[in-house]
Visitor: 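I'd like to ask some things about the structure below.
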Amino acid sequence: MQLIDGKKIAQERQDAVTKAVQKLATPPHLVVVLVGEDSASVVYTRNKHATCEKVGMKSTLLKLPATISEDDLLSKIHDLNQERDVHGILIQLPLPKHISADRIMDAIDPHKDVDGFHPENVGLLHLGQPRFVPCTPKGVMTLLDSIDYDCAGKNAVVIGRSNIVGKPMAELLLQRNATVTICHSKTKDITTITRTADILVAAAGKPHLVTADWVKPGACVIDVGIHRMPDGKLTGDVDFDSVSKIAGWITPVPGGVGPMTIATLLENTLQAAEGAI
Ligand code: GUN
C-alpha cells in the first residue's frame, strides 16, 4: 500500500502559486464570504483566508450575520462583481436555510466564480470545456496525477452525488476515460458495486462508511470525508485501518484531500486574476 501524501503535494502546488503571484504586477484578490457561524465553515474560511495571504495574494474575509436577507446578500455579491480590484468570490456553503444557494451561486460573476459553482461553469465543465473546476474534485485529479495514475478504461466508483464533489468528480473521471458509476444513499447492494472499483472516491459524508469488504484489493481509495470524532480526532469516510491493509493507494485524513482543496482554490484564484489582468 502506498500513502498519497496530500499535504506534501498541496505544499508543492502552493509554492508554485507563490512564484506565479510574485510575477504579477497586482496580487490576485479573493473575497471569502462567510454567512453565519457554522463551526466547520468558520475553520474552513479562516484557513482559506490565511493560506491566500501566505502565498502573497490579497484576501478579504467578509463575515455576515446569519440573519442577513437573501436580497442583502445578493446586493453584496453584485457590489463584489463590480469591483475591479476583486478577482475571485467564494461564498462558503452551507448557507442559512432562508437563503437559496442556487440564487446566490447564479448571482456570482462566472468569471470570478473560483469555486466553479455558477451554472455557466457547471455547464462548461460538463461540455468538456472547463473554466473553473470545483476545488475538491480538481484537487483529487491532481492527487491521481501525482502518482501517474492512468484512469483510461478503469472502473471508477464515486460514493456521493453532491454538486460540490460527487457530480463534478464523476465528470472529471469520465473525461479521463474511466468507466464511472455514482452510488448514493438509495443505491442497492452498494458493496457489489464498490468492489468493482479500481478507483474508489468516498464523498458520502458518513464517518468510516467504507470498510475493507467494500474495496477491491489493490484499488486506489480517495477519502473526501472529514469528520471530527467525539475524542476530537479527525477522520474520513473510509475506515483507514482496515482499508489500508488491502488498498493499492490510499489518502489519509487529515493530510489527504483536505489540503488539496485549498491548494486548488489558490490555483483557481490565480487563474481568475490572470484572466482579468
Ligand atoms: N462547503 C464545503 N465545501 C465547500 C467548497 O468547496 N466551497 C464552498 N464555497 N463551500 C464549501
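Being a predicted model, the structure only gives us computed values, none of them experimental. Hydrogens, waters and symmetry mates play no part in the numbers below; they use all other heavy atoms, side chains included. Just follow the structure's listing: the first ligand is 1, and inside any ligand the first atom is 1.
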Visitor: With a 6.0 Å cut-off (strictly less than), is the heavy-atom count around NZ of K216, excluding the residue itself, greater than 12?
Guide: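 More than 12 within 6.0 Å, yes.
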
Visitor: Identify all N/O pairs between ligand 1 and the protein with a separation under 3.5 Å and present them as a table of atom names and distances.
Guide:
| residue | atom | partner | partner atom | Å |
| --- | --- | --- | --- | --- |
| ligand 1 | 1 (N) | Q92 | NE2 | 3.3 |
| ligand 1 | 1 (N) | L93 | O | 3.0 |
| ligand 1 | 7 (N) | D115 | OD1 | 3.2 |
| ligand 1 | 7 (N) | D115 | OD2 | 3.2 |
| ligand 1 | 9 (N) | I91 | O | 2.9 |
| ligand 1 | 9 (N) | D115 | OD2 | 2.6 |
| ligand 1 | 10 (N) | Q92 | NE2 | 3.4 |
| ligand 1 | 10 (N) | L93 | N | 3.0 |

Visitor: Could R176 and D150 be called an ion pair, given the rule that one side-chain N must be under 4.0 Å from one carboxylate O?
Guide: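 No, R176 and D150 are not salt-bridged.
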
Visitor: Assess whether a salt bridge exists between E120 and R131, defined as any Lys/Arg side-chain N lying under 4.0 Å from an Asp/Glu carboxylate O.
Guide: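 R131 and E120: salt-bridged.
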
Visitor: Can we say K8 and E12 salt-bridge, meaning some charged N sits less than 4.0 Å from an Asp/Glu carboxylate O?
Guide: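 Counted as a salt bridge, because a side-chain N and a carboxylate O are separated by less than 4.0 Å.
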
Visitor: Would you list the atom pairs, donor with acceptor, under 3.5 Å between side chains in residues 13-20 and any protein atom, with sequence neighbours excluded?
Guide:
| residue | atom | partner | partner atom | Å |
| --- | --- | --- | --- | --- |
| R13 | NH1 | E267 | OE2 | 3.0 |
| D15 | OD1 | Q11 | NE2 | 3.0 |
| T18 | OG1 | Q14 | O | 2.8 |

Visitor: State plainly whether the residues R195 and D189 are in salt-bridge range, i.e. N to O under 4.0 Å.
Guide: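 Not counted as a salt bridge, because no side-chain N and carboxylate O are separated by less than 4.0 Å.
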
